[in-house]
Amino acid sequence: MKIKCIIIDDEPLAIKVLQNYFKNFPDFEIVATFTNSLEALNFINDTILDAVFLDIKMPIMTGFELIRLIENDHKPRIIITTAYREFAAESYDLDVLDYLVKPIPITRFIKCINKISTEINLKNSIKIEPFRVEPHLFIKVDKKMVKLIIDEILFIEGMKEYIKVVTADKTYITHKSLTSLTEELPLDQFVRIHKSYTIALNKIKFIEGNRIQIHSFTVPIGRNYNKEVKSRILE
């Protein structure tokens, strides 16, 4: 039996991002999407659902106002999707299951999906294996959105308005800042070592002076990063 969800967001692009993510999870079904919060509320009150992915700031009715007006005896789990971090505390007062901050990394989305399935399995006393989806993200390369497996990344190099993402087999060039891509990567797996480099911790071969060997590449450690980097690597 599939886990039935709906997406509510006044930005069609935000809905499309989640729909693309959900394609990786065949046990989940998006039964409807809404850009109008009032229409969504009527649907929720008339339908048995497992989860609602809900934006906060919307016209007609905010996400929080919508939550307070749900009258379905089978109240679905609510997952907030928003660009605003400051409403997290208020959301948990409304018994929200999870709070996702846009842009939502796929790794963070996977954690949310597993949280939903765990909740439902506990309620139904059914034990199933958690989803095993390789964490990944998408980058734009030559007008195409390319799927990049996070565990395959060796390092990222900043080059003015572009960055170079290097794996053992390929190199990708994309129009993006090093800071923004670094923030999308798992903090415990990657570290910024230079104003122009972020590296994968588990791909390091050795450190020699102020240089790090990764695969067949040598990457410099910036003077301002030296102390923090070596404490992370050698801890």
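Everything quoted here is computed from the prediction, not taken from an experiment. The basis for the numbers below is simple: all heavy atoms, side chains too, and nothing from hydrogens, waters or symmetry mates.
- The CD1 atom of I214 sits 11.5 Å away from the CD1 atom of I153 when rounded to the nearest 0.5 Å.
- In plain terms, the two heavy atoms of P220 and I193 that are nearest each other are O-CD1, 3.3 Å.
- Of the possible donor and acceptor atoms, none in the side chain of H215 sits under 3.5 Å from a partner among the backbone N and O of F217.
- The side-chain heavy atoms of D27 and S117, taken from C-beta on, include no pair separated by under 4.5 Å.
- Without hydrogens or angle criteria, E90 side chain to F87 main chain gives no donor-acceptor distance under 3.5 Å.
- Note that CD1 of I3 is 11.0 Å distant from CD of E29, once rounded to the nearest 0.5 Å.
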Start with the C-alpha gap between R223 and N210, add the side-chain angles, then the distance that decides, and say whether side chain to side chain contact (heavy atoms under 4.5 Å, CB included) holds. CA-CA 8 Å; R223 182 183 304 171; N210 289 327; over 6 Å; no

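- Transitive grouping of hydrophobic side chains (ILVMFWY, heavy atoms separated by less than 4.5 Å) keeps I56 and F53 in distinct clusters.
- When the side chains of ILVMFWY residues are joined at heavy-atom separations under 4.5 Å, either directly or via intervening members, L69 and I78 end up in a single hydrophobic cluster.
- Closest of all the heavy-atom pairs between I8 and S37 is CG2-CA, 4.4 Å.
- Distance alone, capped at 3.5 Å, places no donor-acceptor pair between the R85 side chain and the A88 backbone.
- Between E157 and V166, every side-chain heavy-atom pair lies at or beyond the 4.5 Å cut-off.
- For the pair F138/N20, no side-chain contact is recorded, criterion being any heavy-atom separation below 4.5 Å from C-beta on.
- Here CD1 of I67 is found 5.0 Å from CG of L94. Values are rounded to the nearest 0.5 Å.
- Summarising the geometry, atom CG belonging to L154 is positioned 9.5 Å from atom CG belonging to N202; distances are rounded to the nearest 0.5 Å.
- The number of heavy-atom neighbours closer than 6.0 Å to NZ of K2, taken from other residues, nucleotides and ligands shown, is above 12.
- Taking each heavy atom of T82 and Y84 in turn, the nearest pair found is OG1-N, 3.0 Å.
- T81 and D55 get closest at one heavy-atom pair: O-OD1, 3.0 Å.
- Applying the 6.0 Å contact sphere to CG of D95 captures no more than 12 heavy atoms from other residues, nucleotides or ligands.
- Here the closest heavy-atom approach between residue T33 and residue I15 is recorded as CG2-CG2, 3.7 Å.
- Judged by distance alone, with hydrogens and angles left aside, the side-chain atoms of N72 form a donor-acceptor pair with the main-chain N or O of H74 at under 3.5 Å.
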Using side chain to side chain contact (heavy atoms under 4.5 Å, CB included), reason through R77 and I120 one step at a time and then give a plain yes or no. CA-CA 9 Å; R77 294 143 191 88; I120 292 172; 3.6 Å; yes

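- Within a 6.0 Å sphere centred on OH of Y92, other residues, nucleotides and ligands contribute more than 12 heavy atoms.
- E183 is linked by a side chain to side chain donor-acceptor pair (under 3.5 Å) to nothing, counting only residues two or more places apart in sequence or in another chain.
- In this pair, F109 and F22 present their aromatic rings perpendicular. The plane angle is above 60°, beyond the 30 to 60° band.
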Kindly determine whether Q189 and L201 satisfy side chain to side chain contact (heavy atoms under 4.5 Å, CB included), including the steps that lead there. CA-CA 6 Å; Q189 297 177 40; L201 289 167; 5.9 Å; no

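- I156 and Y172 end up in the same hydrophobic cluster when Ile, Leu, Val, Met, Phe, Trp and Tyr side chains are linked at under 4.5 Å.
- Considering CG of N45 and CD of E71, their distance stands at 5.5 Å, rounded to 0.5 Å.
- Other residues, nucleotides and ligands contribute only 12 or fewer heavy atoms inside 6.0 Å of the CD atom of E161.
- Contact of the L100 side chain with the R108 side chain is registered, since non-hydrogen atoms from C-beta on lie closer than 4.5 Å.
- Of the possible polar contacts, one joining the T174 side chain to the K140 backbone as a donor-acceptor pair under 3.5 Å is found.
- Although no hydrogens or angles enter the test, the distance criterion places no donor-acceptor pair under 3.5 Å between the side chain of T47 and the main chain of L49.
- A donor-acceptor contact closer than 3.5 angstrom is absent between the side chains of N114 and K111.
- A continuous path of ILVMFWY side-chain contacts below 4.5 Å connects V141 to L181, so both sit in one hydrophobic cluster.
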Steps toward side chain to side chain contact (heavy atoms under 4.5 Å, CB included) verdict (L137, L185): CA-CA 9 Å; L137 50 80; L185 297 169; 3.7 Å; yes

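- Within 6.0 Å of NZ on K102 lie more than 12 heavy atoms contributed by other residues, nucleotides or ligands.
- Summarising the geometry, atom CD1 belonging to I207 is positioned 5.5 Å from atom CD1 belonging to I221; distances are rounded to the nearest 0.5 Å.
- Other residues, nucleotides and ligands contribute more than 12 heavy atoms inside 6.0 Å of the CG atom of D188.
- With hydrogens and angles ignored, the 3.5 Å screen pairs a side-chain donor or acceptor of Y21 with a backbone N or O of I104.
- Cluster partners of Y162, using a side-chain heavy-atom cutoff of under 4.5 Å among ILVMFWY residues and allowing indirect links, are M159, I173.
- Within a 6.0 Å radius of CD in E228, other residues, nucleotides and ligands contribute 12 heavy atoms or fewer.
- L178 and T198 make their closest contact through CD1-OG1, 3.7 Å (heavy atoms, listed as atom of the first residue, atom of the second, distance).
- Listed for the K203 side chain is a donor-acceptor partner under 3.5 Å among the backbone atoms of D151.
- Linking Ile, Leu, Val, Met, Phe, Trp and Tyr residues whenever their side-chain heavy atoms come within less than 4.5 Å places I7 and F25 in a single cluster.
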